[in-house]
Amino acid sequence: MQVTVEKPEQGLEHKMTVTFPSESLNSDVEKRLNEIRRTIKMDGFRPGKVPLNVVKKRHGAQVHQEVMGEALQKAFYDAISQEELQVAGYPMFDELDDKDGSVTFTARFEVYPEITLPEFSGVKVEITESAVTDKDVESMITRLREQRMAWKPSKSAAKKAKKGEQVIIDFVGKIDGEVFDGGSAENAPLELGSGRMIPGFEDGIEGMKKGEEKTIEVTFPEEYQAEHLKGKAATFDITVHSISTKVLPEIDEEFVKSFGIEDGTEESLVKEIKDSMEKELSRAVESKNRTAALEALQSIVDVEIPKSLLDQEIKNLMDRAVQNLQQQGMKAEDVNIEASQFEEEAKNRVKLGLVLGDIIKANNIEASNEEVEAYIAEQASSYEDPAEVIGWYAQNPGARSEIRAILVEGKVAAKIIDEAKVKKVKKAFDEVINSPM
């Protein structure tokens with residue numbers, strides 16, 4: 001096999017010309033045609049008795065094309081191995097010459113860029129520190145109680161409605177004195193301050209008493225969903241039937257046991273909740289710091305990105321976006337997205353992948369099977385049936401590979417943080433958990 005490689009002065013695209021003997025092609029074509037002959041069904045012939053020349057006339061061109069394609073692929077990758085080139089993406093075959101007992105073809109392809117990895121000591125990383133406080137636990141318990149709260153109607157005729165309370169109301173909406181469709185309701189429950197209604201509506205009810213009637217003036221937002229109401233001034237005739245306040249359940253044995261805590265004590269509930277919150281916080285902090293370290297590294301490394309890898313990543317992101325939109329109920333024909341929307345994210349993802357690959361190789365970083373199992377077990381512990389989750393991962397090699405990649409990334413990030421210039425920022429539990437990853 002003869003190989004000639006043309007390397008560019010700039011860029012990553014190479015051109016390679018390969019020549020290899022074609023003596024085995026014809027015998028491979030003949031062999032495959034005979035295989036087809038044994039199984040093909042054709043009117044007028046018994047199975048396996050179709051003449052070879054008939055099979056060749058019908059399938060010869062297709063089989064020759066298939067065999068040639070396989071031969072080109074093998075010759076290309078044999079040549080790549082011989083020349084010790086790292087191909088990024090897929091090659092483009094341009095010219096093909098099959099004569100005089102040899103096949104000559106040219107192929108264009110990109111190679112992976114050479115990356116100069118920086119010293120991690122030159123990386124600046126801002127990492128998050130956080131801890132679960134007693135106040136955080138109290139707030140969580142309050143939220144759990146609020147999820148099971150009840151509304152208690154006030155018996156006082158002098159009681160004035162305020163934010164956080166629920167009113168039962170009738171209302172009739174009018175524009176220019178005329179009642180409009182969809183603007184009226186009877187015995188409608190409304191928590192003041194919930195933001196369910198248009199601006200000004202809930203504010204106008206604050207201070208009203210049971211049995212009181214009142215007309216309030218509001219304006220529909222310009223971005224309101226109903227076209228005929230956008231920006232329109234309206235009045236609402238309000239009648240308040242009742243005012244109720246929240247009543248939270250007591251932290252008693254029944255309440256505690258409802259969370260699966262057998263001894264029913266408040267002490268055990270607090271411990272269970274704090275343990276759960278600490279696990280959640282630990283995962284969130286680790287994820288944020290991993291992302292911060294990798295982004296900080298990426299920002300100081302210059303990488304020439306192979307176009308083939310970039311195009312593939314853009315396609316992956318677009319496919320994922322379309323799938324998500326369809327899962328939300330959007331029809332495929334209504335999805336309108338452009339490749340340019342994903343180009344920047346794709347560049348960052350490909351660049352980071354290339355840099356990580358070199359770091360992992362240079363430092364022999366890997367995640368053991370034991371580490372993968374431990375990670376899965378820790379994640380599964382948050383579910384009602386951990387064994388079911390562990391079993392699911394055992395049956396899904398792709399999901400296990402994703403776990404392994406996460407662990408390896410975590411080790412890279414930990415190495416960066418260990419050697420980098422680190423600025424530590426303390427954040428509250430809610431700030432960490434509720435901010436985007």
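Just so you know, these numbers use all the heavy atoms, side chains as well, and skip hydrogens, waters and symmetry mates. The shown structure was predicted, so the numbers you read here are calculated from the model rather than taken from an experiment.
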Going by the rule side-chain contact (heavy atoms from CB on, under 4.5 Å), which residues pair with [X] if we only count those two or more places apart in sequence or in a different chain?
| X | value |
| --- | --- |
| Ser382 | Arg283 |
| Thr219 | Ala233 |
| Asp263 | Ile261, Thr265, Ser268 |
| Glu402 | none |

Sidechain-backbone polar pair: [X] side chain, [Y] backbone, donor-acceptor under 3.5 Å:
| X | Y | answer |
| --- | --- | --- |
| Thr106 | Glu95 | yes |
| Ser308 | Ala88 | yes |
| Ser139 | Lys135 | yes |
| Ser22 | Leu25 | no |

Gap between atom [atom2] of [Y] and atom [atom1] of [X] - 0.5 Å precision:
| X | Y | atom1 | atom2 | result |
| --- | --- | --- | --- | --- |
| Ile314 | Met318 | CD1 | CE | 8.5 Å |
| Ile205 | Ile169 | CD1 | CD1 | 4.0 Å |
| Ile359 | Glu409 | CD1 | CD | 10.5 Å |
| Leu317 | Ile337 | CG | CD1 | 9.5 Å |
| Glu304 | Ile115 | CD | CD1 | 10.5 Å |
| Leu352 | Ser299 | CG | OG | 11.0 Å |

Test side-chain hydrogen bond (donor to acceptor under 3.5 Å, both in side chains) applied to Glu66 - qualifying residues, sequence neighbours left out: Gln62
All side-chain hydrogen bond (donor to acceptor under 3.5 Å, both in side chains) counterparts of Lys411, not counting sequence neighbours: Glu371
Non-hydrogen atoms of Gln395 and Pro397 that approach each other most closely: O-CD, 3.5 Å
Over all atoms of both residues, closest heavy-atom pair of Leu297 and Val301: O-CG2, 3.2 Å
Test side-chain contact (heavy atoms from CB on, under 4.5 Å) applied to His14 and Glu6, step by step: CA-CA 6 Å; His14 287 48; Glu6 297 177 31; over 6 Å; no
Residue pairs passing the side-chain hydrogen bond (donor to acceptor under 3.5 Å, both in side chains) test where at least one lies in residues 416-428, sequence neighbours excluded: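 Counting only pairs at least two positions apart or across chains, the side-chain hydrogen bond (donor to acceptor under 3.5 Å, both in side chains) contacts touching residues 416-428 are Lys415-Glu419.
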By the salt bridge (charged side-chain N to carboxylate O under 4.0 Å, His left out) test, which pairs, at least two apart or in different chains, include something from [range]?
| range | answer |
| --- | --- |
| residues 103-121 | Glu13-Arg108, Asp94-Arg108 |
| residues 67-84 | Arg32-Glu70, Lys74-Asp78 |
| residues 309-329 | Lys307-Asp311, Glu313-Arg349, Lys315-Asp319 |

Residues forming a salt bridge (Lys or Arg N to Asp or Glu O under 4.0 Å) with Lys246, sequence neighbours excluded: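 Testing Lys246 for salt bridge (Lys or Arg N to Asp or Glu O under 4.0 Å), a comparison that skips the adjacent residues, returns Glu191.
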Residue pair Tyr112 / Leu12, side-chain heavy-atom distance below 4.5 Å: no
Residues in ring pair (Phe, Tyr, Trp, His ring centres under 6.0 Å) contact with Phe93, at least two apart in sequence or another chain: Phe76, Phe105
Check ion pair Glu222-Lys232 (N to O, under 4.0 angstrom): no
Pairing of Lys56 and Glu30 as salt bridge, 4.0 angstrom limit: yes
Between Ser435 and Lys288: side-chain donor-acceptor atoms closer than 3.5 Å: yes
Passing candidate, side-chain contact (heavy atoms from CB on, under 4.5 Å) with Thr128, options Asn289, Leu281, Val425: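 The residue from Asn289, Leu281, Val425 that satisfies side-chain contact (heavy atoms from CB on, under 4.5 Å) with Thr128 turns out to be Asn289.
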Ring centres under 6.0 angstrom apart (Phe171, Phe201):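 Yes, close enough.
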